[in-house]
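Each residue takes its place number in the sequence, starting with 1. Order of listing sets the numbers, starting from 1, for every ligand and every atom in it.
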Amino acid sequence: MALTATPRTATFCGDVRKMDARLNHQYSERANGLSNPLAKSLLALMEEKQSNLSVAVDLTKKADILALVDKIGPFVCVIKTHVDVIEDFDQDFVQQLTALSKKHRFFIFEDRKFADIGNTVKLQYSSGVYKIASWAHITNCHTVPGEGIVQGLKEVGLPLGRGLLLLAEMSSKGSLATGSYTQNTLEWAEKHSDFCIGFIAGRRFPNLQHDFITMSPGIGLDVKGDGMGQQYRTPHEVIVNCGSDIIIVGRGIYGAGRDPLVEAQRYKKAGWDAYQKRLTRK
Ligand code: 6AU
């Protein structure tokens, strides 16, 4: 796949620490301000492992995914999957991934991007081939169907101790998740803050009533796009300039010609350095 190097203007979201005083605190301190137990554990783990790196493992073979995860597991706080692209998916994959999550201590985020009415997403989340709710600590959804999608997922996930991320924005060019769409998304997160642990977005949404975790995809240190609409920004831009908490990196770690072990450590350092800089910046 052709990676383009079209330059994009560096983003600056304002003085994020002034906009939201919670960003003056370490992840572990912020854990007290979130009600969802999984969100608390995630923030504590990030501080412990000194990692705000989530790796998007978008590979199609079970063995390749498990081998990569075993290699990079020590450097990440979250492993993100797309199980519907795995050609040989089975319950053994789930068991092995779960074992790796315990061995290396990371959370599993199935990037399912649910987008249907409440009743349908309840079935998609709990049942079918994947039974996502039974093993994924975190999942996410679009908010295009309205608040019912959050209610449906919550009925399944909350009793299991799971957490939900709402797609408030997207990293891709021309995304329609902007303006009042994003605003409504924030309101539903506030209303369901027991289950919604945060957002997929490129920036912190300041001064919401509850604290939330912001996870940002579209992160690259070397290239600016992928020729199919993906837009990359650096860890510095999203964490220091825009107040995000976790960087999500896929092909930057395991793309053609890259050594995942080297790249995972490089992105982990870039993410953590950016976080330290945000905390100490005057
Ligand atoms: O670093 P990449 O471009 O190889 O991979 C980015 C990963 C992919 C996307 O499905 C996902 O992040 N993603 C998401 C998520 C996490 O929900 C939202 C978005 O707006 N952009 C995006 O790339 O697995």
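- Atom 11 (C) of ligand 1 has its nearest heavy-atom neighbour, among V85, T81, D226, D111, in D111.
- The main-chain N or O of V144 is found under 3.5 Å from a side-chain atom of Y181 such that the two form a donor-acceptor pair.
- Of all the atoms in ligand 1, the ones that sit under 4.0 Å from a non-hydrogen atom of N140 are 17 (O).
- Within ligand 1, counting atoms from 1 as listed, the ones closer than 4.0 Å to a heavy atom of Y232 are 1 (O), 2 (P), 3 (O), 4 (O).
- Within the structure, the closest approach of K80 to ligand 1 falls below 4.0 Å when heavy atoms are considered.
- Nearest to atom 5 (O) of ligand 1 by heavy atom, out of G220, G250, S172, is G250.
- When the salt bridge (Lys or Arg N to Asp or Glu O under 4.0 Å) test is applied to R162, no partner is found at least two apart in sequence or on another chain.
- Aromatic ring orientation, Y130 versus F89: perpendicular (interplanar angle above 60°, classes split at 30° and 60°).
- At a heavy-atom cutoff of 4.0 Å, ligand 1 is contacted by both the backbone and the side chain of R251.
- From the protein, the heavy atom lying nearest to atom 7 (C) of ligand 1 is A56 CB, 3.8 Å.
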Worked check of side-chain contact (heavy atoms from CB on, under 4.5 Å) between H104 and D70: CA-CA 8 Å; H104 296 300; D70 200 15; 2.7 Å; yes

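- Using cut-offs of 30° and 60° on the angle between ring planes, the pair Y125 and F195 is tilted.
- For atom 10 (O) of ligand 1, the closest heavy atom belonging to the protein is H82 NE2, 3.0 Å.
- Within the 4.0 Å heavy-atom criterion, the part of L167 lying near ligand 1 is the side chain and not the backbone.
- A 4.5 Å side-chain heavy-atom check between I213 and L34 finds at least one atom pair inside the cut-off.
- In P217, the part holding a heavy atom less than 4.0 Å from any atom of ligand 1 is the side chain.
- Listed by number with element, the atoms of ligand 1 under 4.0 Å from a non-hydrogen atom of D58 are 8 (C), 24 (O).
- Residue contacts with ligand 1: S171 is placed with a nitrogen or oxygen under 3.5 Å of a nitrogen or oxygen of the ligand (distance criterion only).
- Between H210 and F212, the ring planes lie perpendicular to each other; the angle is over 60°, past the 30° to 60° tilted range.
- Taking atom 6 (C) of ligand 1 as the reference point, the nearest protein heavy-atom neighbour is Q230 NE2, 3.7 Å.
- Ring pair W272/Y27 is tilted by interplanar angle, where 30° to 60° counts as tilted.
- Considering backbone and side-chain atoms together, G218 places no N or O closer than 3.5 Å to any N or O of ligand 1.
- Counted within 6.0 Å of NZ on K173, heavy atoms from surrounding residues, nucleotides or ligands total 12 or fewer; the atom is thus considered open.
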